[in-house]
**Student:** 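Okay, handing you the structure first.
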Amino acid sequence: MKKAYIIGAGPAGLTAAYELLKQSNEYEVTVLEETEAMGGISKTVNYKGNRMDMGGHRFFSKVPEVNEWWNNMLPLQGSPTYDDIVLGREMTLTPGGPDPEKVDRVMLRRHRVSRIYFNKKFYDYPISLKFETFKNMGIIATIQSGFSYIAAVLHKRKENSLEDFYINRFGRKLYSMFFEYYTENLWGRHPSEIAPDWGAQRAKGLSIAAIIKDIFGKIMPGNKNRKVETSLIEEFSYPKLGPGQLWDVTAEEIEKMGGKILKNCKAVGLHKDENNHITSLTYENNGEKTTVEGDVFISSMPVKDLVAGMNDVPKKQAEIAAGLPYRDYMTVGILLPKLNLKNKTKIKTMNNIIPDCWIYVQDRSVKLGRFQIYNNWSPYMIKDLNNTVWIGLEYFVAEGDEYWTMSDEKFTKFAIDEIVSMGLIDSPKDVLDSHVERVKKAYPAYFDTYKDIDTLVDYLKTIDNLYCVGRNGQHRYNNIDHSMMTSFETVKNIVNGIKSKDNIWSVNTEKEYHEDDK
């Protein structure tokens, strides 16, 4: 049999392995994963029975093939009702649902609430045109925002940067209030220094015009079939035990079909012959290196590391890859008896906590970028749902910087002090427990040598048996469904002998693939 090696057990890598095994019996499939966990940045961390989602993952796609794939792995069930949760946290199975022994292997249907916390007030995200929005902004800022938006409509800027992208869609006033600082905190660069590509991929349909269209669409006849921009969706699916559950199940299915998953095995080198054809791969496990020969190589590892471990790469392409930037991620799980933020919405919640899945923090006095309320993603993420609130404080950092290198204890204290200053809790003494997680290369960034990435991509396409998939594999800020689509296209090419890789690299560049997640 031919041998296929897949680097990385994240959404893209595991999807590629599953699909190749399902569609072909010609390949012996082996997945190499650097860590113990399945799912990459979509893993779920279980800390003393309280689960953490790394970054927050909504399962929603406009691609039927992806939705069908998810439902095949984890059947979709309705959300547990408030009473179900209070009386025992067991979900009532609907007729025709999964086997009772597999009750945990389901997707819940969740209501999407994400807001902005700015000057100790909540604003809808995406920005809404509700009375409460204007009340929180104040009459002067509201008038300024209106005229600013009109000016942006009448005088469109040439989109040379992410700043231009946002101003064209919201006006300078709203941009300065709700996008400028958050974006700079996220990327460590001012939006004027970031390519507009990021906005085109992550918030393509998001604008004041789209919001107005959505408002009128809701009240018009036939509104159930209206087209909704992804940024404005109101419901999404979510694995009962967090996103990592989907990938744990996928890994089990891969092994059932005969595939191998080697954990704690880091790919460190790909070896090409004189024909620019990869002949073998070297991986490291506990300091011991092993080289294996293969026929097909599918990589979801960061392009920067992939190229660095490859022989005979032209100087220009090697320099582009070496200069590609990333943003790293840290989160602190904080267990609390309560949050000071009260639920003033009409959405019913446990213990009257606010209903948000995550909240964007625009307070310029803190480093905190966003915080998740895991109770609201799935009630089954929390060990003691009735008496505790489990939140994740998210920070965007650079590997090796002052935050990344802090001890867990020092960073936790820093984070707790910030939420005390914001009024989320009264005192550090309110914290019952905590846990720190670090994620390298969580976000591929769109500056520095990224401007020349097409040159690098063109070179990678010439390596006939190498396929780059997923967020880091393509250095593209893909969502889960985009990452999976790159693997669908890859397997289609392999099985059908298609030589061109243009279809793989076009995912999330063509209009119909555009989504927004987080």
**Student:** For N472, does its backbone N or O pair with a side-chain atom of H475 as donor and acceptor, under 3.5 Å?
**Tutor:** no

**Student:** With rounding to the nearest 0.5 Å, note down the distance linking OG1 in T250 to CG in L74.
**Tutor:** 7.5 Å

**Student:** Could you please spell out the steps behind the side-chain hydrogen bond (donor to acceptor under 3.5 Å, both in side chains) verdict for E33 and T35?
**Tutor:** CA-CA 6 Å; E33 169 53 39; T35 70; 2.7 Å; yes

**Student:** Would you name the heavy atoms of P243 and H57 that are closest together and state the gap between them?
**Tutor:** CG-ND1, 4.0 Å

**Student:** Check this for me: does any side-chain nitrogen of one of D448 and R189 sit under 4.0 Å from a carboxylate oxygen of the other?
**Tutor:** yes

**Student:** Would R115 and D356 pass as an ion pair if we require N to O under 4.0 Å?
**Tutor:** yes

**Student:** Is a donor on one side and an acceptor on the other found under 3.5 Å between the side chain of D305 and the backbone of P302?
**Tutor:** no

**Student:** Could you walk me through whether T388 and L336 pass the side chain to side chain contact (heavy atoms under 4.5 Å, CB included) test, one step at a time?
**Tutor:** CA-CA 6 Å; T388 59; L336 302 164; over 6 Å; no

**Student:** Is the cationic atom of R327 (NZ for Lys, CZ for Arg) positioned less than 6.0 Å from the six-membered ring centroid of F396 and within 45 degrees of its normal?
**Tutor:** no

**Student:** Could you check whether D433 pairs with K48 (Lys NZ or Arg NE/NH1/NH2 to Asp/Glu carboxylate O, under 4.0 Å)?
**Tutor:** yes

**Student:** What's the shortest heavy-atom distance between N46 and R51, and which atoms?
**Tutor:** ND2-NH2, 3.4 Å

**Student:** Without placing hydrogens or testing angles, list every side-chain donor-acceptor pair under 3.5 Å for residues 409-416, not counting sequence neighbours.
**Tutor:**
| unit_1 | atom_1 | unit_2 | atom_2 | d |
| --- | --- | --- | --- | --- |
| T412 | OG1 | D408 | O | 2.7 |
| K413 | NZ | D417 | OD2 | 3.0 |

**Student:** Taking side chain as C-beta onward, heavy atoms only, is C357 less than 4.5 Å from F236?
**Tutor:** yes

**Student:** Kindly say whether L241 contributes a backbone atom to a donor-acceptor pair with the side chain of Q245 at under 3.5 angstrom?
**Tutor:** yes

**Student:** Quick one: CG on L339 to CG on N352, what's the gap to the nearest 0.5 Å?
**Tutor:** 11.5 Å

**Student:** Before giving the answer on side chain to side chain contact (heavy atoms under 4.5 Å, CB included), spell out for V31 and L262 the whole-Å C-alpha distance, their side-chain angles and the decisive distance to 0.1 Å.
**Tutor:** CA-CA 6 Å; V31 180; L262 304 182; over 6 Å; no

**Student:** With distance as the sole test, does Y329 use its side chain to make a donor-acceptor pair with the main-chain N or O of G55 at under 3.5 Å?
**Tutor:** yes

**Student:** Hey, are the side chains of M422 and L368 touching, using non-hydrogen atoms and a 4.5 Å cut-off?
**Tutor:** yes

**Student:** Less than 4.5 Å apart, any side-chain heavy atom of W70 and any of D481?
**Tutor:** yes

**Student:** After noting the C-alpha distance and the side-chain angles of I261 and M38, does the key distance pass the side chain to side chain contact (heavy atoms under 4.5 Å, CB included) rule?
**Tutor:** CA-CA 10 Å; I261 299 177; M38 298 294 100; 3.9 Å; yes

**Student:** Working to the nearest 0.5 Å, report the span between NZ of K461 and CG of L456.
**Tutor:** 11.0 Å

**Student:** Yes or no on side chain to side chain contact (heavy atoms under 4.5 Å, CB included) for I359 and I116, after CA distance, side-chain angles and deciding distance?
**Tutor:** CA-CA 6 Å; I359 294 172; I116 293 169; over 6 Å; no

**Student:** So how far is it from M381 CE to I373 CD1, rounded to the nearest 0.5 Å?
**Tutor:** 12.5 Å

**Student:** With a 4.5 Å limit on heavy-atom distance, are the side chains of T331 and Y395 in contact?
**Tutor:** no

**Student:** In terms of heavy-atom contacts, does CD of E34 have more than 12 from other residues, nucleotides or ligands at under 6.0 Å?
**Tutor:** no

**Student:** Do D53 and T44 have side chains that get closer than 4.5 Å, going by heavy atoms?
**Tutor:** no

**Student:** With no hydrogens and no angle check, do the side chains of D452 and T449 hold a donor and an acceptor under 3.5 Å apart?
**Tutor:** no

**Student:** Side-chain contact, heavy-atom cut-off 4.5 Å: H190 with E180?
**Tutor:** yes

**Student:** State, without any angle test, whether Y117 and Q362 hold a side-chain donor-acceptor pair at a distance under 3.5 Å.
**Tutor:** no

**Student:** Under the 6.0 Å and 45° cation-pi test, does K304 pair with Y326?
**Tutor:** no

**Student:** Take the angle between the ring planes of Y446 and W187 and call it parallel below 30°, perpendicular above 60°, tilted in between.
**Tutor:** tilted

**Student:** Can you tell me if NZ on K156 sees more than 12 non-hydrogen neighbours from other groups inside 6.0 Å?
**Tutor:** yes

**Student:** Identify whether the distance between the nearest side-chain nitrogen and carboxylate oxygen of E36 and K43 falls below 4.0 Å.
**Tutor:** no

**Student:** Might you point out which heavy atoms bring S114 and Y360 nearest each other, and give the distance in Å?
**Tutor:** CB-CE1, 4.3 Å

**Student:** Heavy-atom count check: over 12 atoms from other residues, nucleotides or ligands less than 6.0 Å from K338 NZ?
**Tutor:** yes

**Student:** With a 3.5 Å distance limit and no angle check, can you tell me whether R471 reaches the backbone of R476 through a side-chain donor-acceptor pair?
**Tutor:** no

**Student:** Scan side-chain atoms only and decide if W377 and Q372 contain a donor-acceptor pair under the 3.5 Å cut-off.
**Tutor:** yes

**Student:** Checking ring-ring contact (aromatic ring centres under 6.0 Å, His included) for the pair Y467/F297: CA distance, chi angles, key distance, verdict?
**Tutor:** CA-CA 6 Å; Y467 300 86; F297 300 85; 9.9 Å; no

**Student:** State, yes or no, whether a side-chain contact exists between D164 and L162 at a heavy-atom distance under 4.5 Å.
**Tutor:** no

**Student:** Please give me the minimum heavy-atom distance between P239 and S378, naming the atom from each residue.
**Tutor:** O-CB, 4.4 Å

**Student:** For the side chain of D430 and the backbone of S427, is there at least one donor-acceptor N/O pair under 3.5 Å apart?
**Tutor:** yes

**Student:** Is the closest side-chain donor-acceptor distance between N119 and D363 under 3.5 Å?
**Tutor:** no

**Student:** Taking atom CE of M177 and atom CD of Q144, what is their separation to the nearest 0.5 Å?
**Tutor:** 9.0 Å

**Student:** Does any N or O in the side chain of E418 come within less than 3.5 Å of the main-chain N or O of K367, such that one atom is a donor and the other an acceptor?
**Tutor:** yes

**Student:** How are the rings of F179 and F170 set to each other: parallel, tilted or perpendicular (split at 30° and 60°)?
**Tutor:** tilted

**Student:** Quick check: closest heavy atoms across S148 and G171, and the distance to 0.1 Å?
**Tutor:** OG-C, 3.4 Å

**Student:** Out of curiosity, C468 SG to M301 CE, how far, rounded to the nearest 0.5 Å?
**Tutor:** 10.0 Å

**Student:** So, T486 side chain and G470 main chain: donor-acceptor pair closer than 3.5 Å or not?
**Tutor:** yes

**Student:** For S161 and E159, test the side chains for any donor-to-acceptor distance below 3.5 angstrom and give the result as yes or no.
**Tutor:** no

**Student:** Quick one: closest heavy-atom pair of P355 and N376, and the distance?
**Tutor:** C-ND2, 3.2 Å

**Student:** Can you check whether V431 reaches L335 side chain to side chain, under 4.5 Å on heavy atoms?
**Tutor:** no

**Student:** What orientation do W390 and Y374 show, parallel under 30°, tilted 30 to 60°, or perpendicular over 60°?
**Tutor:** tilted

**Student:** Any donor-acceptor pair under 3.5 Å linking the side chain of S192 with the backbone of E163?
**Tutor:** no

**Student:** Sub-3.5 Å donor-acceptor pair from the side chain of R438 to the main-chain atoms of W404, do we have one?
**Tutor:** yes

**Student:** Please work out whether the ring planes of W69 and Y18 are parallel, tilted or perpendicular, with thresholds of 30° and 60°.
**Tutor:** perpendicular

**Student:** For the pair K440 and E399, find out whether any cationic side-chain nitrogen is under 4.0 Å from an anionic carboxylate oxygen.
**Tutor:** yes

